[in-house]
Amino acid sequence: MGVLRPEESCLLLDEKLLYFMDQLELLEEKRKTLNSLIEQGWFSISKARYSMGNKQVSALQFANEMEPLVSVHVRTLQNDKVEFCAERSSQKCNDEFVKEPTPIEDIGPQEEGIRRRKTTKSDTAEKKTSEDISSEKSPEVNPGRKRDHNPQQDPLKWFGILVPQSLKQAQSSFKQVIELSAEIAALQIVVLNARQELKRDLRNNDGSTGPEANASAGLNEKEEDVPSANESL
Amino acid sequence: MAGRGKLIAVIGDEDTVTGFLLGGIGELNKNRKPNFLVVEKDTSITEIEETFKSFLARNDIAIILINQFIAEMIRHAIDAHMESIPAVLEIPSKEHPYDASKDSILRRAKGMFSAEDFR
């Protein structure tokens, strides 16, 4: 029984070491992918800057109010593992704002109505109907305007209405980077926990096998002495 | 609040922060401080360190992304952070490629292998 325990613990240690090395390798691979995606993103941003202008793609374009579109759900599991799950919220929340009727001044259609008034008196009936139409249009147009004021919008819109394809490519690269970051964060914790466990087990193994190994070595030496003494006789 | 999830913070140069904000992680409103910091040439190390520590103190940030050359400036603060959450991820920058030997996490993971462990 005393001889089996060190072997079993050594096998366990080997398994843990192999697990640690596997996780480390996986971490390195994901890091390489992350780094190359980030570099792709920078390259696309530089291309967009080249076509739009230096100051059109910079921190000056950041909105005054931002709401995060990505949230990370963190779960701590039993093995001290921590799970990070990056969730991208859909922009369906905009519909909720549409339903709330708060008045916003609508200048566009009213201006058209005013412009029509410059025609002759015979058109007054037509103008009245156009005014009615413009007043009907205003609540319909308001939700559209509200979407502009809604902070939870696509960050691409900060850089203009028509953005080059390279900026969209940059956005998609960085979206992938964000998802990978959550996986790498979880892997880092796994690697560190595996390393601590391995170090602790190595210390325990040294502590438990050290005196037992000496004792068993001493016994073996005594057993060898006895037959040699018998042989000499 | 329970179902809201946590944020990803970023401390980096202009292009890095622009990219991640394009990805949709940015939060900025009148009530709370932003979850990002654009580090420029004139940004002081004190400001970077204070921002990093403020992100650590916030309980609504799960991951902090930081350019590795900025992490080097506040290496002592990053090495002192031993908790799992928030997780600190070092990322390359345009002028400084990623160096695994400088990464705090990998140094902690690889540093255990000494000759004494395998006697």
Side-chain angles (χ1 to χ4, degrees), chain A residues 20 24 27-28 31 34-35 38-39 41-42 45-46 57-59 61-74 76 80 82 84-89 151 154-156 158-159 167 170-171 173-175 177-178 181-182 184-186 188-189 191-196 198-199 202 206, chain B residues 3-8 10 12-30 34-36 38 40 60-65 67-68 82-94 97-98 100 103-106 108-114 116-119:
Chain A
F20 170 73
L24 202 54
L27 178 63
E28 300 273 324
R31 266 218 174 267
L34 182 89
N35 293 343
I38 291 177
E39 284 160 17
W42 285 329
I45 287 177
S46 300
V57 184
S58 68
Q61 262 59 42
F62 293 169
N64 292 330
E65 284 192 14
M66 302 175 195
E67 267 198 36
L69 301 175
V70 181
S71 60
V72 178
H73 298 279
V74 183
T76 310
D80 290 337
V82 182
F84 290 86
C85 176
E87 194 184 309
R88 184 165 290 276
S89 63
D154 191 355
L156 267 180
W158 304 340
F159 301 94
L167 201 60
Q171 187 184 48
S173 298
F174 277 99
K175 280 180 180 175
V177 167
I178 288 163
S181 307
I184 289 177
Q188 280 184 173
I189 294 171
V191 161
L192 286 177
N193 287 343
R195 167 250 184 191
Q196 278 178 359
L198 201 48
K199 198 161 189 177
L202 271 171
D206 286 343
Chain B
R4 203 182 158 189
K6 296 193 176 194
L7 301 171
I8 298 176
V10 60
D13 54 23
E14 189 178 35
D15 272 10
T16 304
V17 174
T18 304
F20 281 105
L21 291 188
L22 265 176
I25 65 163
E27 187 190 61
L28 179 60
N29 52 41
K30 295 167 199 173
N35 66 335
F36 58 90
V38 179
E40 286 159 358
D60 61 344
I61 289 179
I63 301 173
I64 301 174
L65 298 160
N67 283 134
Q68 199 169 49
M82 302 296 276
E83 287 89 32
S84 307
I85 302 162
V88 178
L89 242 82
E90 294 179 30
I91 55 179
S93 64
K94 283 166 84 169
Y98 178 74
D103 191 319
S104 284
I105 305 290
L106 290 182
R108 266 186 243 168
K110 292 179 182 176
M112 65 161 285
F113 291 114
S114 62
E116 290 183 2
D117 291 329
F118 294 106
R119 253 192 305 166

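So that the names make sense, note that chain A is the first sequence line, chain B the second, and so on, each numbered from 1.
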Which answer fits Asn64(A), side chain, backbone, both or neither, if we ask what part of it has an atom under 4.5 Å from a heavy atom of chain B? backbone
Counting distance only, does the side-chain N/O of Glu39(A) pair as donor-acceptor with the main-chain N or O of Pro97(B) below 3.5 Å? no
Please classify the contact between Ile105(B) and chain A as side chain, backbone, both or neither, with a heavy-atom cut-off of under 4.5 Å. both
Examine distances only and state if a side-chain atom of Arg88(A) and a backbone atom of Gly23(B) form a donor-acceptor pair shorter than 3.5 Å. yes
Name the one of Leu7(B), Ile25(B), Ile8(B) that satisfies side chain to side chain contact (heavy atoms under 4.5 Å, CB included) with Pro68(A)? Leu7(B)
Ile61(B) versus chain A, heavy atoms under 4.5 Å apart: side chain, backbone, both or neither? neither
Taking all atoms of both residues into account, what is the closest heavy-atom pair of Gln171(A) and Leu22(B), and its distance? NE2-O, 2.9 Å
With a 4.5 angstrom heavy-atom cut-off, which part of Ala63(A) approaches chain B: side chain, backbone, both or neither? backbone
Side chain, backbone, both or neither of Ile85(B) within contact of chain A (heavy atoms, under 4.5 Å): side chain
CD1 on Ile91(B) to CD1 on Ile184(A), rounded to 0.5 Å: 10.5 Å
Heavy atoms of Glu28(A) and Leu106(B) approach each other most closely as OE2-CD1, 3.5 Å
For the interface with chain B, which of Val82(A), Asn35(A), Ile45(A) has the highest count of heavy-atom pairs at distances below 4.5 Å? Asn35(A)
For Arg108(B), is there any backbone N or O sitting under 3.5 Å from a side-chain donor or acceptor partner on Arg195(A)? yes
Quick check on the interface: out of Ala170(A), Ala186(A), Gly41(A), Ser181(A), who has the most heavy-atom pairs with chain B under 4.5 Å? Ser181(A)
